[in-house]
Each structure stands twice: as structure tokens, then as C-alpha cells.
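Down below is the structure, laid out as C-alpha cells.
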Amino acid sequence: MAMDAERRQAELIEQFSAQAAALSSGPQLAALVLEATSHPALFAFSELLTLPALSKLTGTQYASSLDLLRLFAYGTLKDYKSNSSALPALLPDQARKLKQLSVLTLAESTKVLPYDQLMQELDVSNVRELEDFLINECMYSGIVRGKLDQLRRCFEVQFAAGRDLTPDQLTNMIETLSDWLGTSDNLLHQIQEKIKWADTTSELNKKHQKEFEDRVEEAKKSVKQADNDLRGHDDFLSESGGIMDFEEDRIRPKRRRQPMA
């Protein structure tokens, strides 16, 4: 479902970008900003801010339309109310959209949103109206998921779609990712060094094991040779002893028998 929403966002941005590229006059571009900020399914506007066609509004009598688009990209209903005199009046669809975006902004900092805070930020006068808005305009639209806790008078956010990153937020994110990349590189280097050490240790162990096995084999050969030598020596002694006994018996003087009286 999230992928479908992201795909839809991308399609709408591409659609409005193509329309802007075909327009040249201030009134037409201002009308395009009005259409984009009123669209019920579009919640990302920073890419539209970068379009060369819309930058033509800068310094013209329609520059406030560009400021309004910037507010929809990064601001809230509270921001609009504090600067409403310098911005175009909101249509009902735009007001609803800015309230939805305000809920997303609040959900970025905390997952438990008190009713009192929400009513103040969204310019809502009672709890029934607030809960109806959260259910019908936020949860049903898929930009947030959560639980309404009437007892504790709060909205517990389980999921909230992300908003456009401001230039400062983008810079901070790039710095954070750069630090993470540096830390990852250092960790990878340490892992590689440990793998190298393990490989070297393994080779040494294999070498020592081979030397030990060779020594054992040499010892076995030596023991076997010594055993063979000993057996040969015993056989030689046995054979030599038998000859000596025969020779001694042959040359030993024989006793003469004495004649019987």
C-alpha cells in the first residue's frame, strides 16, 4: 500500500511538472500551484519548487503563489496563519490539505499527540470535530495510522507518511549519512584487518600442524627402524649362539670309558 502511494505521488509530480513546462504566463502558473496544492492525493511539493517554469514567478505579482507552494512543502497551518496577509487566501481543499500536512509534521517529533495540542494546531474547536478529521481525512487517506484514545485524550501514531525535507534538514541528513559512511568505512577496515589476521593465523596453524605431523611421522619411522634393528640383532644373536654351542660340543674332549674289572 505504501508503495502504491509513493507511485501515485511520483505520477502526480511528473504530471504537474509536465504541465508547468508547457506554461509561461504568471496567471497560468499560479493556477497550476492552486491545482497542485488542492489535489487530495498529493503531499510532496519540494520537487515542484525546483521547476524552472515556476521560478519565473519570483519577483512578479504572483510570487505569493510560489511562497504558498513553499509553505505546503515545509510549513503548517500555524505558519500560514502567522503570515496569511502575505499569502493567497486558502480554498477549502487547500485548508484541509494544510491541516493534514500539519498532522504529519507533529507526528515527526512525537508518536503521542494530545488532543489539546492538535485542536490548537489544526484550529479545531471540539474533540468530535478533531476525531472526525483524524479518521476521515488522515487515517482513511492512508497518510497516518494510529489509535484514538478518548480516555487519555490523545492520538497514538503508529505510522505517518514523511514530508518534504527542508534544505537545512537535507543538509543535516547528508552530514549524518556522511558520518555514518565514515564510521562504516572504519568498521569495514577493522573487519578486513581481523579477517587478514585470522587468515594469517590459520596459515600459521596449518604450518605448525604440518610440522608437527612431519615430526610425528619421523618419530614413527625412527621407532620402526629401531624396532627393526633390534629384531635383527636378536635374530643374529640367536643364530650365533646355536653355532657356538655346536662347535663347542664338537671340539670338547670326550671321556674314555674305563675297562670293567
Side-chain angles (χ1 to χ4, degrees), residues 4-109 118-125 133 136-138 141-144 160-177:
D4 291 339
E6 291 179 5
R7 188 180 300 108
R8 179 58 175 157
Q9 293 289 304
E11 291 174 352
L12 289 171
I13 291 171
E14 184 177 357
Q15 171 188 325
F16 284 115
S17 297
Q19 291 179 19
L23 302 177
S24 58
S25 69
Q28 290 176 324
L29 292 170
L32 181 66
V33 170
L34 175 62
E35 182 183 355
T37 53
S38 300
H39 198 286
L42 184 62
F43 295 92
F45 303 93
S46 60
E47 290 188 48
L48 299 180
L49 284 171
T50 64
L51 296 178
L54 288 177
S55 65
K56 297 175 183 178
L57 295 177
T58 304
T60 70
Q61 65 184 98
Y62 301 101
S64 60
S65 293
L66 190 59
D67 294 334
L68 184 65
L69 181 62
R70 187 173 295 106
L71 180 70
F72 271 74
Y74 311 123
T76 63
L77 180 63
K78 188 176 182 179
D79 296 327
Y80 174 83
K81 291 172 64 176
S82 65
N83 197 34
S84 59
S85 60
L87 296 169
L90 295 178
L91 297 179
D93 288 342
Q94 289 175 305
R96 180 175 60 253
K97 172 65 65 62
L98 203 49
K99 288 182 180 181
Q100 291 171 313
L101 294 171
S102 298
V103 172
L104 296 182
T105 296
L106 292 172
E108 289 177 352
S109 57
L118 286 168
M119 286 190 291
Q120 181 180 2
E121 294 286 340
L122 303 181
D123 195 20
V124 174
S125 58
F133 175 78
N136 299 324
E137 308 299 342
C138 295
S141 65
I143 61 174
V144 295
R163 291 200 62 183
D164 292 305
L165 295 175
T166 66
D168 289 341
Q169 288 175 322
L170 186 59
T171 299
N172 292 335
M173 178 173 287
I174 291 174
E175 292 177 353
T176 301
L177 291 174

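Note that the coordinates shown come from a computational prediction; the quantities given were computed from them, not determined experimentally.
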Would you check if [X] and [Y] make a side-chain contact, meaning some heavy-atom pair closer than 4.5 Å?
{"X": "Leu12", "Y": "Arg8", "answer": "yes"}
{"X": "Asn172", "Y": "Leu165", "answer": "no"}
{"X": "Val33", "Y": "Phe72", "answer": "no"}
{"X": "Ser17", "Y": "Leu48", "answer": "yes"}
{"X": "Leu98", "Y": "Leu90", "answer": "yes"}
{"X": "Leu49", "Y": "Arg70", "answer": "yes"}
{"X": "Phe16", "Y": "Leu32", "answer": "yes"}
{"X": "Leu87", "Y": "Asn83", "answer": "yes"}

Would you confirm whether [X], through its side chain, and [Y], through its main-chain N or O, come within 3.5 Å as a donor-acceptor pair?
{"X": "Gln100", "Y": "Glu137", "answer": "yes"}
{"X": "Ser38", "Y": "Glu35", "answer": "no"}
{"X": "Ser102", "Y": "Leu122", "answer": "no"}

Chi angles and distances behind the side chain to side chain contact (heavy atoms under 4.5 Å, CB included) call for Tyr80, Leu68:
CA-CA 8 Å; Tyr80 174 83; Leu68 184 65; 4.2 Å; yes

Pairing donors with acceptors under 3.5 angstrom, does anything connect the side chains of [X] and [Y]?
{"X": "Asp164", "Y": "Ser46", "value": "yes"}
{"X": "Ser25", "Y": "Gln28", "value": "yes"}
{"X": "Thr37", "Y": "Gln94", "value": "yes"}

Approximate separation, where rounding is to 0.5 Å, of [X] [atom1] and [Y] [atom2]:
{"X": "Glu47", "Y": "Leu51", "atom1": "CD", "atom2": "CG", "value": "8.5 Å"}
{"X": "Thr60", "Y": "Leu66", "atom1": "OG1", "atom2": "CG", "value": "8.5 Å"}
{"X": "Gln120", "Y": "Ser125", "atom1": "CD", "atom2": "OG", "value": "13.5 Å"}

When Lys99, Lys81, Arg163 are each screened for side-chain contact (heavy atoms from CB on, under 4.5 Å) with Thr76, the one that passes is Arg163

Look at atom CD of Gln15 and say whether more than 12 heavy atoms of other residues, nucleotides or ligands are closer to it than 6.0 Å.
yes

What do you reckon, is CD of Gln9 surrounded by more than 12 foreign heavy atoms closer than 6.0 Å?
yes

Please report the shortest heavy-atom distance between [X] and [Y], naming the atom on each side.
{"X": "Ala53", "Y": "Ala20", "value": "CB-O, 3.2 Å"}
{"X": "Ala30", "Y": "Tyr62", "value": "CB-CD2, 3.9 Å"}
{"X": "Phe45", "Y": "Ala36", "value": "CE2-O, 3.5 Å"}
{"X": "Ala86", "Y": "Ser64", "value": "O-CB, 3.6 Å"}
{"X": "Leu104", "Y": "Ala161", "value": "CD2-O, 3.6 Å"}
{"X": "Ser24", "Y": "Leu29", "value": "O-CD1, 4.2 Å"}

With a distance cut-off below 6.0 Å to the six-membered ring centre and an angular limit of 45° from the axis, does Lys97 pair with Phe43 as a cation-pi contact?
yes

